[in-house]
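Below is one structure, written out as structure tokens, with a few remarks after it.
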Amino acid sequence: MALWAVRSAQAQDVPPGVLQFLRRHEEEEAQHLKQFELLLGTSSHGKTALPRMPSQWRVLAVHLYGYETLGLEFARLLVRLRPDLASILEDEEVHVGFFEQEVRTMLVHGGPAADDTRQAAQAWRRRLPRTVDRYLHDESFAPFRDELRRHILDVIDTRFLLVGLLARN
Ligand SMILES: [Fe+2]
């Protein structure tokens, strides 16, 4: 779901175990993209410039975690329509789990490092509604757009709360 972000992230300074995961992750996302293109009869080969990703690992991890949680929700929607594509959902669950573990590790000792991680999550969360709107822009979403938008934001908030990235207010 986040092929370009994952590709771009590999150019950043990330821990060695993470780089290995990102390489495999990229292959899986590329495979998903191919499946989507076949499904929709479209192609995204026009995209050449990689998105700018944060260079600081803790900020980058929060971004990837966020985008993967978003991807997971879209994979859930997809699999309701196409149960035969369940492998995409399984991959996304693994991706989310990996970054969730990284984020937990960053938060576990508290202190300024944990505060920075939470700040990065809040900044990412503030931009999320616009991102979701972009993803739901297609006319086919129109009848359920508001409900879907609310649902996706709620799911991500709940996950961020449980993992300790956001505080209950
Ligand atoms: Fe993913």
Side-chain angles (χ1 to χ4, degrees), residues 1-40 42-106 117 120-121 123-125 127-138 141 148-149 151-160 162-163 165-166:
M1 296 283 169
L3 176 61
W4 312 102
V6 171
R7 197 167 279 171
S8 173
Q10 290 173 59
Q12 308 296 344
D13 193 16
V14 299
V18 171
L19 192 58
Q20 209 177 11
F21 178 81
L22 286 175
R23 289 208 183 105
R24 205 187 68 219
H25 187 175
E26 179 182 343
E27 280 169 32
E28 290 169 357
E29 299 293 0
Q31 189 57 39
H32 297 172
L33 186 63
K34 243 184 260 167
Q35 284 172 288
F36 280 120
E37 287 177 353
L38 278 172
L39 201 65
L40 303 170
T42 58
S43 168
S44 62
H45 56 68
K47 190 143 187 174
T48 47
L50 295 179
R52 270 168 51 101
M53 293 301 281
S55 57
Q56 209 193 352
W57 166 233
R58 71 181 64 259
V59 182
L60 179 57
V62 163
H63 279 227
L64 290 170
Y65 178 50
Y67 286 121
E68 289 300 324
T69 56
L70 191 52
L72 178 61
E73 284 319 299
F74 278 93
R76 282 194 217 285
L77 285 174
L78 174 71
V79 167
R80 274 159 67 184
L81 304 169
R82 289 288 306 265
D84 56 311
L85 296 178
S87 69
I88 291 185
L89 181 59
E90 287 159 19
D91 287 346
E92 291 307 316
E93 275 164 352
V94 173
H95 301 164
V96 171
F98 179 85
F99 292 108
E100 186 161 277
Q101 192 50 47
E102 291 294 321
V103 166
R104 277 188 203 282
T105 305
M106 289 168 184
T117 307
W124 185 86
R125 175 60 182 85
R127 291 191 301 270
L128 180 60
R130 258 185 298 158
T131 309
V132 172
D133 284 346
R134 215 166 49 237
Y135 282 25
L136 294 177
H137 182 70
D138 193 90
F141 287 117
L148 269 177
R149 182 179 194 275
H151 171 75
I152 290 169
L153 294 175
D154 284 349
V155 167
I156 292 176
D157 281 344
T158 303
R159 206 177 248 277
F160 274 28
L162 288 174
V163 84
L165 282 175
L166 294 179

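This is a predicted model, so every value here is computed, not measured. Throughout, residue positions are numbered sequentially from 1 according to the sequence presented. Indexing begins at 1, ligand by ligand and atom by atom, following the structure's order.
Within the coordination shell of the Fe ion (ligand 1), defined by N, O or S atoms under 2.8 Å, H32 is absent. Between the Fe ion (ligand 1) and E68 there is an N/O/S contact shorter than 2.8 Å.
Minimum-distance N/O/S atom of H95 relative to the Fe ion (ligand 1): ND1. Taking the N/O/S atoms of E92 in turn, the shortest distance to the Fe ion (ligand 1) belongs to OE1.
At least one side-chain heavy atom of V94 sits under 4.5 Å from a side-chain heavy atom of R24.
Salt bridge annotation for E100-R159: present, with a cationic side-chain nitrogen under 4.0 angstrom from a carboxylate oxygen.
Here the side chain of T105 pairs a donor or acceptor atom with the backbone of Q101 at under 3.5 angstrom.
Within 6.0 Å of atom CG in D84, more than 12 heavy atoms from other residues, nucleotides or ligands are found, so the atom counts as buried in its surroundings.
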